[in-house]
Amino acid sequence: MKSVRVRYAPSPTGDPHLGSVRTALFNWLFARRHGGTFILRIEDTDQGRRVDTSVLAIMEGLKWLGLDWAEGPADDGRGSKGPFGPYFQSHRLNLYHKYADQLIQTSHAYRCFCSPARLEAVRRAQQQAKVPPGYDRHCRDLPASEVEQQMAAGTPHVVRFRMPQEGATSIHDLVRGDVTWERKLLDDFVLLKSDKFPTYHLANIVDDHHMQISHVMRAEEWLPSTPRHVMLYEAFGWQHPQFAHMPLILGADRSKMSKRHGSTSVLAYRDEGYLPDAMTNFLALLGWSLDDKTEIIPREEMIRHFSIERITKAGAIFNPEKLQWINGMYIRALQPAELAEKLVPFLEKPADEGGLPATVKRPVNRAYVSKLVPLVQERLRILSEGAELTSFFFEEQLSYDPALLIQKGMDKAGTLNALKLATEQLDTQPVWGAHALEELMRALAEQLNLKAGQFFGAIRVAVTGRTATPPLFQTMEVLGKERSMARLRQSIDMLAAQA
RNA sequence: GCCCUCAUCGUCUAGUGGCCUAGGACGCCACCCUUUCAAGGUGGAGACCGUGGGUUCGAACCCCACUGAGGGCGCCA
């Protein structure tokens, strides 16, 4: 195989979405697998839809996921790096004009002076007549004299491809096998718009050729435009790259994933606390598999084993629950110190963005976070759950319903008594370690003739304000004696005061 | 309407003619572990492999038709 050069060619019209990023991932994996080159090219040929922040967002998304490009926009998002640049199509206009002219010279293309209004009317008529929509080739065979006249008059025009009407065009798609189209069903698509910008079709072919792209890996939605591209390559006398059309990522309703299906920007997943490795692992599994059983696949393994042959053909519904599960697996695999570091920014977010309550001072004490992290590591699925899971570690004042203190099979008086005894004994406890605390309290439970679950349950609520927490005595150890004792005493007051 | 693609548990998938009375994973349920919640372990429910025809000694796997779903049909990519 000649050297692998693949590109990810998004148009900067918004944040990078999941489907788009999955395409980037597959291209990147393929390049890595074959020691090839992964190229980022910005297809900004639509001035109307261009969103300025988009290029930065796309690069941010790729960087976050660790998908580095050898050629493409430079890190500042302005210049380009790599030998075939620039990698912004809007900076390559001369090239497209040159090739559009060449196509006109060789009669593979022609100028079309039809107004948008006329095109619209034609389309409407076609719709009414239930005829396949498409350009009616009005200008395909305009006399040279009229073309000259229109040009002299400065009439806005586009350049269209003169689609041959005989025969068929086939490709051998690496994912789908042979696919064939009747040429007479293909219309005379636009190559150059009246604003002198190329369409996607022209720019794409010219650039893929000039950048020596070996494999075009893109989503299935591009399959229908592939015969047009192949015809263009032929018109230029160029060899076309190999094609591989990947399955679409679908929403729950089985339609193409879009904004309608909720937050689909990868950056939103980053902000919710998904780990980049978990994200790539999950995305890779949407349309590709390593074997019949492996789910957690380290990046290096992914690279080693990635192959187009194992890409699925059918579209895949995005399953958020599985993503959460995978993320949980990656969180558990983290070193506690790493997790602590990743968690802190999420804890410090404003309360209404999922951070700790507003009453908790920022910045949080990192040493303290490091101590509690081991207690919540296996209970976390995404980083943004951290604040909810740990807020009682930080709060000065707990607020909860005192009735929660009374455990199943116990009453108020019994609970009060148990809590008082616990408080007394704990108060004299010199060594505030989980093990010692547990021994002491187990003995007391026995003495009180209470089940450990009952007794510990009451203490748990007293100390944390919750019924579900990390292991009680470890929690108390992290909380510290002073804070634990204060909470115990407060619980007694609250319960006693309750009617 | 026309063109193209696709079709195995709810979901992601394994499966390329006999190893399939269809395997794994998420989710769900139960049990074990256990001071709660998780994590972990074990087990379970869950797919007559879209339907109907072929081919073959034998089909989830090959062929045809149908049906269904999706994508495309812009001076958007």
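Below, each value reflects all heavy atoms present in this structure, side chains not excepted, and no hydrogens, waters or symmetry copies. Residue numbers start from 1 in every chain, and the chains themselves are labelled A, B, ... in the order their sequence lines are given, proteins ahead of strands. Predicted model, so just to flag it, every value in this text is computed and none were measured.
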For [X], answer base if it contacts any base atom (sugar-phosphate contacts may also be present), sugar-phosphate if it contacts only those atoms, and nothing otherwise; contact means non-hydrogen atoms under 4.0 Å.
| X | answer |
| --- | --- |
| Val190(A) | sugar-phosphate |
| Thr226(A) | nothing |
| Arg118(A) | nothing |

I need the [atom1]-[atom2] distance between [X] and [N], as an integer number of Å.
| X | N | atom1 | atom2 | value |
| --- | --- | --- | --- | --- |
| Lys313(A) | G15(B) | NZ | P | 12 Å |
| Glu321(A) | C28(B) | CD | P | 7 Å |
| Ile331(A) | A39(B) | CD1 | C1' | 13 Å |

Sole candidate of Asp188(A), Val159(A), Val147(A), Leu142(A) that passes side-chain contact (heavy atoms from CB on, under 4.5 Å) when paired with Tyr110(A):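 It is Asp188(A), the one option of Asp188(A), Val159(A), Val147(A), Leu142(A) that forms the side-chain contact (heavy atoms from CB on, under 4.5 Å) with Tyr110(A).
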
Arg304(A) NZ/CZ over Phe306(A) ring centroid, <6.0 Å and within 45° of normal: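 Not satisfied by the 6.0 Å and 45° rule.
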
Under-3.5 Å N/O pairs linking protein and nucleotides 40-51 of chain B:
| residue | atom | partner | partner atom | Å |
| --- | --- | --- | --- | --- |
| G40(B) | OP1 | Arg332(A) | NH1 | 3.4 |

Letter per nucleotide, 5' to 3', of nucleotides 59-73 of chain B [B base touched, S only sugar-phosphate touched, - untouched; heavy atoms, 4.0 Å]: ----------SBBSB

I want to check one thing: is the phosphate of [N], taken as OP1 and OP2, less than 4.0 Å away from some side-chain N or O of [X]?
| X | N | value |
| --- | --- | --- |
| Ser289(A) | A14(B) | yes |
| Thr199(A) | C75(B) | no |
| Lys193(A) | C76(B) | yes |

Polar side chain donor-acceptor pair, Arg162(A) to His108(A), under 3.5 angstrom: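 No, no side-chain donor-acceptor contact under 3.5 Å.
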
Lys/Arg N to Asp/Glu carboxylate O, Glu338(A) vs Lys342(A), below 4.0 Å: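 No, no charged N to carboxylate O under 4.0 Å.
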
Under 3.5 Å on both distances, the Watson-Crick or G-U partner of A39(B):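 Paired with A39(B), as far as the under-3.5 Å criterion goes, is no nucleotide at all.
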
Residues which pass side-chain contact (heavy atoms from CB on, under 4.5 Å) with Pro402(A), listed by chain and number, not counting sequence neighbours: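 Expected list: Leu405(A), Met494(A), Leu495(A), Gln498(A).
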
